[in-house]
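In what follows, chains are A, B, ... by sequence order, proteins preceding strands, each numbered from 1. Small disclaimer: the values here were computed from a predicted structure and weren't measured.
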Number of protein chains: 2
Amino acid sequence: MSLRHALLALLTAKPMNGYDLAKVFDRSVAYVWHAPHSQIYPELRRMEADHLVAVESIRRGTKGTKRIYSITETGRGELRRWIETPAPIDMLHDAERLRGAYLEFGSYDAARRYYTAHRDHYELWERQWAVHADQIAAGDTTLIRTRLAAPRTGDPATVVAYKVHTYRGLAAQAHLEVEWAKQGLAMIDDLETQAQARAAEGALTE
Amino acid sequence: MSLRHALLALLTAKPMNGYDLAKVFDRSVAYVWHAPHSQIYPELRRMEADHLVAVESIRRGTKGTKRIYSITETGRGELRRWIETPAPIDMLHDAERLRGAYLEFGSYDAARRYYTAHRDHYELWERQWAVHADQIAAGDTTLIRTRLAAPRTGDPATVVAYKVHTYRGLAAQAHLEVEWAKQGLAMIDDLETQAQARAAEGALTE
DNA sequence: ACAGCCATGTAAGTCGTTACATGATTGC
DNA sequence: GCAATCATGTAACGACTTACATGGCTGT
């Protein structure tokens with residue numbers, strides 16, 4: 001139900017149609033939860049059926065309609081419930097780490113490619129998360145400004161602080177990932193030279 | 001396809017039936033990738049259909065049969081391909097972090113519950129990952145011993161090193177999560193007292 | 001007129017979750 | 001005889017992915 005709550009959270013800033021929601025999503029929530037528009041549209045329909053959002057349809061040309069969603073009281077209640085109710089942390093499904101634990105099935109070069117890609121990936125995300133945290137801290141995105149200006153938003157310092165702490169936390173995690181990958185690369189060099197040394201010794205003994 | 005590769009990796013140690021595989025899974029791969037037996041049995045059937053594993057059926061009572069799976073050459077090829085081929089890192093779906101970014105929809109106490117649960121969760125996992133890494137480093141699990149004794153296992157030091165580095169990495173990540181949660185708890189105290197101070201000031205001014 | 005963005009979807013397939021279901025063997 | 005554990009599944013549902021599909025509006 002994460003997508004649902006993410007969309008509700010965005011709609012507390014202001015009413016939006018699916019397209020705008022998808023765009024705003026990509027520049028905010030997507031830093032923790034990715035979703036393509038093909039998932040957003042049907043989810044909004046389901047949320048409408050569950051009365052979490054209300055829709056205003058606007059004609060567009062002869063056939064098309066633009067659907068503007070706004071959060072309902074039921075929707076706000078669901079957001080509150082979502083945070084107030086303790087939620088078990090999901091079971092682990094770390095495909096990346098799984099590959100990392102079984103690199104022995106490939107060559108040393110494949111292992112190097114793995115760690116290099118890992119390092120590059122998290123170097124990128126470290127920057128992105130850090131920038132995003134700074135932007136929120138500075139009130140420097142349209143979304144956060146709209147959100148803080150919206151009625152019934154609680155203490156602005158609190159709203160900002162939770163997000164900043166989350167994204168700085170992610171940046172710190174990413175930093176550790178980068179360090180881990182670099183150590184991995186050094187480790188592979190050691191493993192390979194040691195394996196070669198043993199192979200050479202074995203050849204002499206034979 | 002992670003489950004598939006995890007099962008193949010386990011079968012390089014020795015042939016096993018679904019039940020044993022599920023048990024061994026829980027004490028090894030499950031530290032990075034969770035799967036219940038209800039997923040393992042059908043997956044093994046599919047892997048058989050794809051010739052990644054071969055089966056020996058053994059009668060058991062009048063009706064039951066025990067199915068012992070072993071990895072085929074095709075299966076070993078698939079493991080190699082899995083590691084040799086660069087794989088894109090999955091899109092982010094971090095439900096826990098999403099909740100963390102939107103704690104403002106609940107009370108300060110709900111936020112405290114969130115961070116407390118987060119801290120406890122990762123304290124547990126930090127210990128588990130660290131212990132698991134140590135056990136592998138010491139060759140102290142049945143699986144790793146069987147694996148190292150199995151034919152066609154490569155350099156034992158390499159096999160062990162990849163896993164130890166992975167699990168120590170996870171332990172380090174978990175440690176950071178714990179620190180992050182503790183900082184979160186301190187942050188909430190600050191936010192709440194500051195919000196109360198502002199509320200009191202507002203009351204005076206009115 | 002054409003490109004680029006606005007706008008909304010559907011469809012097929014894969015993977016994972018939770019709950020249900022059944023029977024055999026072993027040790028006490 | 002009974003409990004624990006061995007052993008193997010099915011079913012319904014929910015969530016996510018990738019690809020396909022269609023048409024409107026806007027500026028040059």
Side-chain angles (χ1 to χ4, degrees), chain A residues 1-7 15-27 29-30 32-50 52-53 55-69 82 87-96 98, chain B residues 1-7 15-27 29-30 32-50 52-53 55-69 82 87-96 98:
Chain A
M1 302 276 88
S2 292
L3 176 56
R4 175 165 291 213
H5 296 116
L7 293 171
M16 277 178 274
N17 61 23
Y19 185 82
D20 287 338
L21 224 24
K23 270 197 314 180
V24 170
F25 198 101
D26 276 346
R27 284 187 253 102
V29 187
V32 286
W33 188 277
H34 168 266
H37 76 271
S38 67
Q39 216 188 335
I40 291 174
Y41 286 114
E43 184 60 29
L44 286 168
R45 289 297 186 130
R46 282 188 291 267
M47 288 162 73
E48 187 193 348
D50 295 342
L52 302 172
V53 294
V55 188
E56 194 202 349
S57 282
I58 293 177
R59 285 245 98 74
R60 185 165 175 274
T62 26
K63 298 169 108 182
T65 39
K66 197 166 157 177
R67 301 169 55 81
I68 294 162
Y69 294 92
W82 174 51
I89 296 183
D90 286 341
M91 291 286 93
L92 256 188
H93 288 113
D94 194 334
E96 177 74 359
L98 179 66
Chain B
M1 301 275 90
S2 292
L3 176 55
R4 174 164 292 212
H5 296 116
L7 293 171
M16 278 179 273
N17 61 25
Y19 185 82
D20 287 339
L21 224 25
K23 271 198 314 181
V24 170
F25 198 100
D26 277 345
R27 284 187 253 101
V29 187
V32 286
W33 188 277
H34 168 266
H37 76 270
S38 66
Q39 217 188 334
I40 292 174
Y41 286 113
E43 184 60 28
L44 285 168
R45 290 297 186 127
R46 281 189 289 268
M47 288 161 74
E48 188 194 348
D50 294 343
L52 302 173
V53 294
V55 189
E56 194 201 349
S57 282
I58 292 177
R59 286 244 95 76
R60 186 164 173 275
T62 26
K63 300 169 106 181
T65 39
K66 197 167 156 177
R67 301 168 57 80
I68 294 161
Y69 294 92
W82 175 50
I89 296 182
D90 285 342
M91 290 287 93
L92 256 187
H93 288 113
D94 194 333
E96 177 74 357
L98 179 67

* For B:Phe25 and B:Trp33, which heavy atoms make the closest approach, and how far apart are they? -> CE2-O, 3.0 Å

* Asked: Between A:Lys23 and C:dC5, is there a side-chain N or O to OP1/OP2 distance below 4.0 Å?
  -> no

* OP1 or OP2 of C:dT17 less than 4.0 angstrom from a side-chain nitrogen or oxygen of B:Gln39, does that happen here? -> yes

* Asked: Which whole-number value in Å describes the distance from B:Asn17 CG to D:dT5 P?
  -> 17 Å

* Under 3.5 Å donor-acceptor pair, A:Thr65 side-chain atoms to C:dT8 base atoms -> no

* Position toward the 5' end of DNA chain D (nearest nucleotide), A:Glu43 or B:Lys66 -> B:Lys66

* To do: Nearest whole angstrom, please: distance from the C1' of D:dC16 to the CG of B:Asp94.
  => 16 Å

* To do: Please state how far atom CZ in B:Arg59 lies from atom C1' in D:dT8, giving the value in whole angstrom units.
  => 14 Å

* Given C:dG9, D:dA15, C:dT14, which nucleotide is nearest the side-chain atoms of B:Met1? -> C:dT14

* Structure fact -> Of the listed D:dT10, C:dG9, D:dG14, the closest approach to the A:Tyr69 side chain comes from C:dG9

* Between B:His5 and B:Trp82, how do the two ring planes meet: parallel, tilted or perpendicular, split at 30° and 60°? -> parallel

* Asked: If you find the nucleotide of DNA chain D closest to B:Pro42 and the one closest to B:His93, which residue's nucleotide is nearer the 5' end?
  -> B:Pro42

* Asked: Could you give the CZ-to-C1' distance, from B:Arg46 to D:dG9, as a whole number of Å?
  -> 13 Å

* Assign A:His37 to base, sugar-phosphate, or nothing according to its heavy-atom contacts below 4.0 angstrom with the strands shown. => base

* To do: Figure out the CH2/C1' separation between B:Trp33 and C:dT17, and round it to whole Å.
  => 13 Å

* Asked: Judged by atom type as modelled, is there a donor-acceptor pair below 3.5 Å linking the side chain of B:His93 to the main-chain atoms of A:His34?
  -> yes

* No-H, no-angle donor-acceptor pair, B:Arg60 side chain to D:dC6 base, under 3.5 Å -> yes

* Rounded to the nearest Å, what distance is computed from the CD1 atom of residue B:Ile40 to the P atom of nucleotide C:dT17? -> 11 Å

* Asked: In this structure, which one of A:Arg45, A:Glu56, A:Met16, A:Arg60 forms a side-chain contact (heavy atoms from CB on, under 4.5 Å) with A:Arg67?
  -> A:Arg45

* To do: From the options C:dT17, D:dT17, D:dC16, select the nucleotide whose nearest atom is closest to the side chain of A:Met91.
  => C:dT17

* **Residue B:Ser38, side-chain atoms from C-beta onward, closest of C:dA7, D:dC16, C:dT18** => C:dT18

* To do: Nearest whole angstrom, please: distance from the P of C:dC6 to the CG of A:Asp26.
  => 13 Å

* Look at all strands and tell whether B:Gly18 reaches a base, only sugar-phosphate, or nothing, counting heavy atoms closer than 4.0 Å. => sugar-phosphate

* Structure fact -> All heavy atoms of B:Ala30 vs all of A:Leu92, minimum pair found to be O-CD1, 4.4 Å

* Whole-Å gap separating C1' (C:dT22) and OH (B:Tyr19) -> 15 Å

